[in-house]
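Working notes for the structure below.
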Amino acid sequence: MRETKRKANTTTLGDKGTPETGGSLLTGVSLPAAAIFEAPLAHNLAWMQRFAASHGAYLAPHGKTTMTPALFQRQLEAGAWGITLATAPQCRAAFAAGVQRLLMANQLIGEANMAIVAGLIEAGAEVYCVVDSTANVEALGRHFAAAGQTLNVLVELGVPGGAQAAVRLNRFSAWHTAWLPNRHCAWPVWKATRV
């Protein structure tokens with residue numbers, strides 16, 4: 001197999017170690033490693049942003065996959081609305097790298113994770129998370145009320161005619177009722193569309 005010599009983006013976060021590189025991508029790099037080539041990266045960034053814009057969608061690429069601040073910045077510079085992460089610690093790392101708008105693709109559960117997010121909001125981050133139960137809405141309401149903050153929460157309602165749209169809409173009514181007493185969870189209203 002022919003070896004390819006190209007520069008790879010090796011920016012990492014936190015305490016993940018320093019990449020060891022040699023003269024060849026195939027034999028001179030400590031593995032596992034990701035190689036990101038400039039021309040395809042630039043093409044994909046521009047294409048995804050055009051696609052999202054042409055469909056009236058906000059793009060929040062998955063930063064949780066790479067956890068690479070240089071890529072976060074490229075995506076934001078290309079027009080991304082924010083960056084999607086999986087966990088509160090990943091949100092904290094992305095915010096430390098300059099990402100202001102964070103979408104947590106999972107429920108925010110546990111006091112420790114809620115404290116991380118409250119700290120991010122206090123520091124100026126715009127944080128969004130998903131909810132999937134009345135108990136979660138109530139726990140978030142208690143935590144963020146005690147902190148004197150409002151958390152942005154998202155609910156997947158589905159699309160008209162979708163298999164789960166009616167079930168999710170009924171759940172949303174229950175969650176919204178749980179939210180009413182304290183109002184420390186904000187419900188941004190976005191229209192769901194098929195892409």
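In terms of heavy atoms, Ala60 sits closest to Thr84 at O-OG1, 2.6 Å. When all heavy atoms of Glu111 and His143 are compared, the closest pair comes out as OE1-ND1, 2.8 Å. The two residues Gly63 and Leu85 come nearest to each other via the heavy atoms C-CD1, 3.9 Å. Between Thr68 and Thr66, the shortest heavy-atom distance links the atoms OG1-O, 2.9 Å. Across every non-hydrogen atom of Pro61 and Gly82, the tightest pair is CD-O, 3.2 Å.
Counting only heavy atoms from C-beta outward, the side chains of Ile121 and Leu151 approach each other to under 4.5 Å. By the 4.5 Å heavy-atom criterion applied to side chains, Trp81 and Leu59 are not counted as neighbours. Proximity of Leu108 to Asn106: side-chain heavy atoms (C-beta onward) are nowhere separated by under 4.5 Å. Contact annotation: the side chain of Leu41 approaches that of Leu71 to within less than 4.5 Å [non-hydrogen atoms, C-beta and beyond]. Counting only heavy atoms from C-beta outward, the side chains of Cys129 and Val117 never approach each other to under 4.5 Å. Residues Val131 and Leu140 are in side-chain contact: their nearest non-hydrogen atoms beyond the backbone lie under 4.5 Å apart. Within the 4.5 Å cutoff, no side-chain heavy atoms of Phe95 are placed close to those of Val127. The shortest side-chain heavy-atom distance between Ile83 and Leu103 does not fall under the 4.5 Å cut-off.
Here the CZ-CE distance, from Phe72 to Met67, works out to 4.5 Å after rounding to the nearest 0.5 Å. Interatomic distance, Arg101 CZ to Asn152 CG, rounded to the nearest 0.5 Å: 9.5 Å. Between Leu120 atom CG and Glu126 atom CD the span is 12.5 Å, to the nearest 0.5 Å. Here the CD-CG distance, from Gln49 to Asn44, works out to 12.5 Å after rounding to the nearest 0.5 Å.
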Before you tell me yes or no, could you show the steps for Val130 and Met104 under side-chain contact (heavy atoms from CB on, under 4.5 Å), namely the whole-Å CA-CA distance, both residues' side-chain angles and the distance that decides it to 0.1 Å? CA-CA 7 Å; Val130 297; Met104 198 168 114; over 6 Å; no
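In this structure a side-chain-to-backbone donor-acceptor pair under 3.5 Å is missing from Gln149 to Phe144.
Using a 30° and 60° split on the angle between ring planes, His55 and Phe51 fall in the tilted class, from 30° to 60°.
Taking the salt bridge (Lys or Arg N to Asp or Glu O under 4.0 Å) definition, one finds that Glu38 meets it with Arg74, sequence neighbours left out.
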